[in-house]
Structure formats: structure tokens, C-alpha cells
Amino acid sequence: MEKSILEDRKDSIRLMESTCSGQGIKCDTDSVSGSVSQRACVYCGARVVLNPITDAFHIVHGPIGCASYTWDIRGSLSSGDDLYRNSFSTDLRETDVIFGGEKKLIAAIEEVALKYHPKVIFIYATCIVGVIGDDVDAVCRTMSSKYGIPVIPVKSPGFSGNKSTGYRMACNAIMEVIKPYKDREKVKGINILGDFNLAGEMWIIKDYLKQIGIEVVAGLTGDSDYESLIKAPGAALNVVQCAGSSTYLAKRMEEEMGIPFIKVSFFGIEDTTSSLIRIAEALGDMEAREKAIELTKRKTAELKAFMNKYKNNLNGKKAAIYVGGGFKAISLIRQFETLGIKTVVVGTQTGKKEDYEIIASLVDSDTVILDDANPAELETFLKEKGADILVGGVKERPLAYKLGIAFCDHNHERKHPLAGFEGVVNFTKEINSSINHPIWDYLKLEEGWG
């Protein structure tokens, strides 16, 4: 096992009762060179947050390859405009690297402004732009003034940090959109931050809140548009669903607009129940709190027989978790515990120290906890711990299947909701059908498997 871990990676992995350096697990840092980390680049992180804004123009200032990272690799859905399904690029070539790409960028913005009259344009500065030094800020200021349209630079050269850096750059861009409206009169409603309406999950959450009498002012950024975004400063509370991508935005809005925030999760019965009640309490709405208690009790009772039916098939199984943020990992551990499944490996791409402290308190002392894992590490611990299923994203799927381990996609690409009480049904069915599929018995009969 020790031979599979690079020396520089040892402080990012907690084995048995060890806590690495004594200061907790090492996290929230750039990836170790040469480890082939699963963590994505700055541009990727920025695009994840901003792309679900349905009526925005997203112009990728860089080579055409970067523009391939668009809506189609995420399950974000829209109830209105579908402009976000298009990708625009300045398509920088070799001559642009030599002579600069500002003229191409100006031409692209002018074409979009004159032809489509958009409400907001985001300009993503990619790696090449960071190298050649195009003054994207100046171009955006000039074009904004010329056409009266917010043209927002998103400083996202991939090499300038990691995915978390991209989240912050996107949050800064959102602040540029909403800051002119920071003095809006407050209403008794909330913003939902860090939910991207994957498979329509924002709609599920909004429906729960409507049932208990709480208004959603804006979603940032799932199924949002420019008009809804500029209403966000009028909310009384920010609710942060994806802590990794949106806590920074929530802190800025608290400091600059006076909007307090709480962190929530809508994955699993326990966290969904707690979150709805806590939102009502944070607003000081006791009527909504009583409705939340009534709603969650009814939904939980409806799921009891369903959960018991599947628990018999899953009790005693072992799960490995490798996801983007810490809060999702925490919710998944609780969900697995409800099903009688032990979490034996758990890691994240963007977790913070406080997330890992909570994770450590929820799992057994022999559970492996790791930050920013690479495929070699995941393979080592999946095999060593005898995991029956890996929950992760698209990059982890081939690894699980090659090892003969079941897999559940809990990331951007899924097409069915896993949030809320409806999500519990979908998640439980998928875990059961994946773990108990007969293919694994056949594979274990083959030499080298199982």
C-alpha cells in the first residue's frame, strides 16, 4: 500500500487512526505534479458554475478545444431559454499566439452584441490567453461601455490554480453582474446557491419550499437567467447547497450586501429533512417550520417500506465515495448508513479541513479518507478495502468497471435526480441494481477478478 502513494501525497491521506501531519488532512491545495490528479482546471470550475445561466452568452477566448466543455457534459436543465446549450469561441490559432488575440475577441463580442443583443456576456480567459497576455479586462470594459451590455471577464487560465480557483473566478463574475443591484429592498425569501439544476433537482427543491411557504428569489445558477440573478440581492437568506463552489460567493454577499447564509444538503432523508427545517428557522418563520416538519414526516413515512425492502439486499455491503465537494460526501455517508452500507473509502476534489473533520466523525477508524486522489491511489484502496461500489463522476467510471466494481454516477452527467425524497428513491434503486447485478458474480469467476 505504501508503495502506491507518492511521498508528497501522504499528508493528503488518512489511514486507520492516523491524522497525517497532526494538523488534519492536507487539502485545498494545488495538485501534486506527476500524480495525474482527478481534479480539473480553473476554466472547468468556472464553466461549471456559470454555464447554467440560460440566457447568457459564454465566449471562450482560447483554442477551440476548450469550448468543447459545455452544457452537454452536465445534466443542467432549463425551464426557459436554451441559449446556454450553445458554445462560442474565438478559436485562437498559432498566429494569434504570436500577434495577440484581442482583435479576435473584440470581433466576437461585436458580432454577438449586434446580432443577438444579449443581456450578459461572459468571457473566459483560458491558458493561452494567460500566456500571451491579452488584456481581457480592458476589452470587456470597452465593449460594455460601447453596447450597454455587461461583458464580464472570467479569469480562468487552467494553469493558474485548480477547480476551486475556477469556482472563485465564477463567483467574482456573478458579483459583477449583481453588485449594481445591491441596494434592492429585502423580501422574505431565499437564494439557493450552488445548485445547478442537474436533472431538474432545483425544481424539486423549489417545490418543497413552495409547499412550506418559502419564496425562492433566485437560483445561482441552476435554471437562472439575467433577470432572476439581479433580483438576488433582495433575498433575506442565502442557502448554500454546494459548499465547494458557492461558499465564497455567499461570504461576499454577506459582507457586501448583508445577506446571511447557511449550508445545507438535499441528498438523503436526514439531510433533506434537516435542511428544510433549518431554512425556516433561519428566516424566523415558525409557520414554515411547522409545515416543514409535517412535510418531511409524511415523506419519510412514505419511504419507510420502500427503504426496508431494499435494505435487505444491501446490508453489509461496502461503499467507496469520490466526489467533488465535502458536503456531498457527508450526505452520501449518511445515505449509505441508512441502507446498512459501510463507507470504507471516501475522498473529495475540493473538500476543506472542516469537511474532513465531519467525515472522520461519521466513518469507522479504519476508513481511508483522501483528498484529490489519483487513479493509482483509488485502485489501491478500492481493492484493499473490498469495496462493492464506487460513487463518483465520469472520470472514475472506467476505473470501477475495470476492477469489477459497481458504479454510481453522482456527478454532472446524470440524467435522473438524486436530490430530495424523490432522489432517495432513484439513488436506492440505482445502488441496488448496480451492486446486485449478476454480472459481478460472473466476473469474479474469471481469473484476476474479485
Side-chain angles (χ1 to χ4, degrees), residues 45 48-53 74-77 163-164 167-168 170-171 174 189-210 212 214-224 228-229 232 235-254 259-283 292 296 321 323-335 348-352 354-355 358 391 393 410-412 414 417-424 426-427:
V48 161
V49 174
L50 295 174
N51 204 81
I53 302 172
R74 296 181 62 83
S76 300
L77 300 182
K163 192 175 184 180
S164 293
Y167 291 154
R168 291 194 294 274
C171 291
I174 292 171
I190 68 169
N191 297 319
I192 301 177
L193 276 60
D195 188 288
F196 308 117
N197 203 34
L198 301 180
E201 288 175 346
M202 176 73 84
W203 301 331
I204 292 173
I205 296 166
K206 282 184 174 181
D207 182 59
Y208 295 157
L209 293 165
K210 183 179 180 181
I212 66 175
I214 292 177
E215 177 188 354
V216 177
V217 178
L220 285 81
T221 53
D223 193 27
S224 66
S228 67
L229 285 180
L237 176 72
N238 278 332
V239 173
V240 180
Q241 157 81 340
C242 177
S245 67
S246 298
T247 300
Y248 173 76
L249 176 60
K251 288 179 176 177
R252 282 201 62 183
M253 292 179 74
E254 183 174 50
I259 305 175
F261 72 93
I262 60 172
K263 295 180 182 180
V264 302
S265 171
F266 292 100
F267 295 118
I269 295 173
E270 181 181 345
D271 284 0
T272 301
T273 298
S274 171
S275 296
L276 290 172
I277 295 170
R278 287 175 56 232
I279 290 169
E281 290 175 342
L283 286 172
T296 54
I321 298 167
V323 291
F327 257 54
K328 183 186 285 188
I330 291 165
S331 291
L332 283 168
I333 293 167
R334 290 174 176 149
Q335 279 190 272
T348 81
Q349 294 179 19
T350 60
K352 305 295 188 290
E354 55 268 30
D355 299 328
I358 296 171
V391 178
H410 209 298
N411 215 335
H412 312 157
R414 53 189 165 83
L418 297 178
F421 298 102
E422 291 89 336
V424 170
N426 292 333
F427 180 75

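Side chains included, hydrogens not; waters and symmetry mates left out as well; all remaining heavy atoms used.
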- Item | Closest non-hydrogen atom pair, N191 against A235 | ND2-CB, 3.3 Å

- Mark yes or no for whether K163, through its side chain, and S245, through its backbone, hold a donor-acceptor pair below 3.5 Å. no

- Is it true that a side-chain atom of S331 and a backbone atom of G268 form a donor plus acceptor pair closer than 3.5 Å? no

- Message: What I'd like to find out is whether the side chain of R278 reaches to under 4.5 Å of the side chain of V264, using heavy atoms alone.
- Response: yes

- Message: Run the side chain to side chain contact (heavy atoms under 4.5 Å, CB included) test on L276 and L209 for me, step by step, so that the C-alpha distance in whole Å, both residues' side-chain angles and the decisive distance to 0.1 Å come before the verdict.
- Response: CA-CA 7 Å; L276 290 172; L209 293 165; 4.0 Å; yes

- Task: Compute the centroid of each ring, for Y208 and then for F421, and state whether the two points are separated by less than 6.0 Å.
- Result: yes

- Task: Taking all heavy atoms of G325 and all of T348, pick out the closest pair and write down the distance.
- Result: O-CG2, 3.8 Å

- Message: I want to check something: taking the side chain as every heavy atom from C-beta on, are E270 and S274 in contact at a cut-off of under 4.5 Å?
- Response: no

- Query: Where do L220 and A218 come nearest, in terms of heavy atoms and distance?
  - Reply: CD1-CB, 3.9 Å

- Applying side chain to side chain contact (heavy atoms under 4.5 Å, CB included), run through M253 and F261 and close with a yes or a no. CA-CA 9 Å; M253 292 179 74; F261 72 93; over 6 Å; no

- For the pair E215 and K206, find out whether any cationic side-chain nitrogen is under 4.0 Å from an anionic carboxylate oxygen. no

- Straight-line distance of I259 CD1 to I190 CD1, nearest 0.5 Å: 12.0 Å

- Task: Output the distance between atom CD1 (I174) and atom CG (L193), rounded to the nearest 0.5 Å.
- Result: 7.5 Å

- Query: Taking E254 for the side chain and P260 for the main chain, is one N or O donor matched with an acceptor at less than 3.5 Å?
  - Reply: no

- Message: Under a 3.5 Å cutoff, is there a donor and acceptor pairing between the side chains of N197 and S76?
- Response: no

- Least distance between heavy atoms, S275 atom then S265 atom: OG-O, 2.8 Å

- Pairwise distance OG(S246) to CG(D195) - rounded to 0.5 angstrom: 9.5 Å

- Query: Any idea which heavy atoms bring T350 and S164 closest together, and the distance?
  - Reply: CG2-OG, 3.3 Å

- Query: Is any side-chain heavy atom of L237 less than 4.5 Å from a side-chain heavy atom of V239?
  - Reply: yes

- Query: What is the distance from atom CD of Q335 to atom CG of D271, rounded to the nearest 0.5 Å?
  - Reply: 8.0 Å

- Query: Closest heavy-atom contact between P52 and G222?
  - Reply: CB-CA, 4.1 Å

- To the nearest 0.5 Å, atom CZ of F267 lies from atom OG1 of T272 at 8.5 Å

- Item | Candidate pair V323 and Q349, rule side chain to side chain contact (heavy atoms under 4.5 Å, CB included), full reasoning | CA-CA 6 Å; V323 291; Q349 294 179 19; over 6 Å; no

- Item | side chain to side chain contact (heavy atoms under 4.5 Å, CB included) evaluation trace for I262 with V240 | CA-CA 6 Å; I262 60 172; V240 180; over 6 Å; no

- Pairwise side-chain contact, R414 with L198, heavy-atom cut-off 4.5 Å (strictly under): yes

- Message: Strictly distance-based, threshold 3.5 Å: is any side-chain N or O of S228 a donor or acceptor partner for the main-chain N or O of S224?
- Response: no

- Interatomic spacing from CG in L77 to CZ in F196 - rounded to 0.5 Å: 14.0 Å

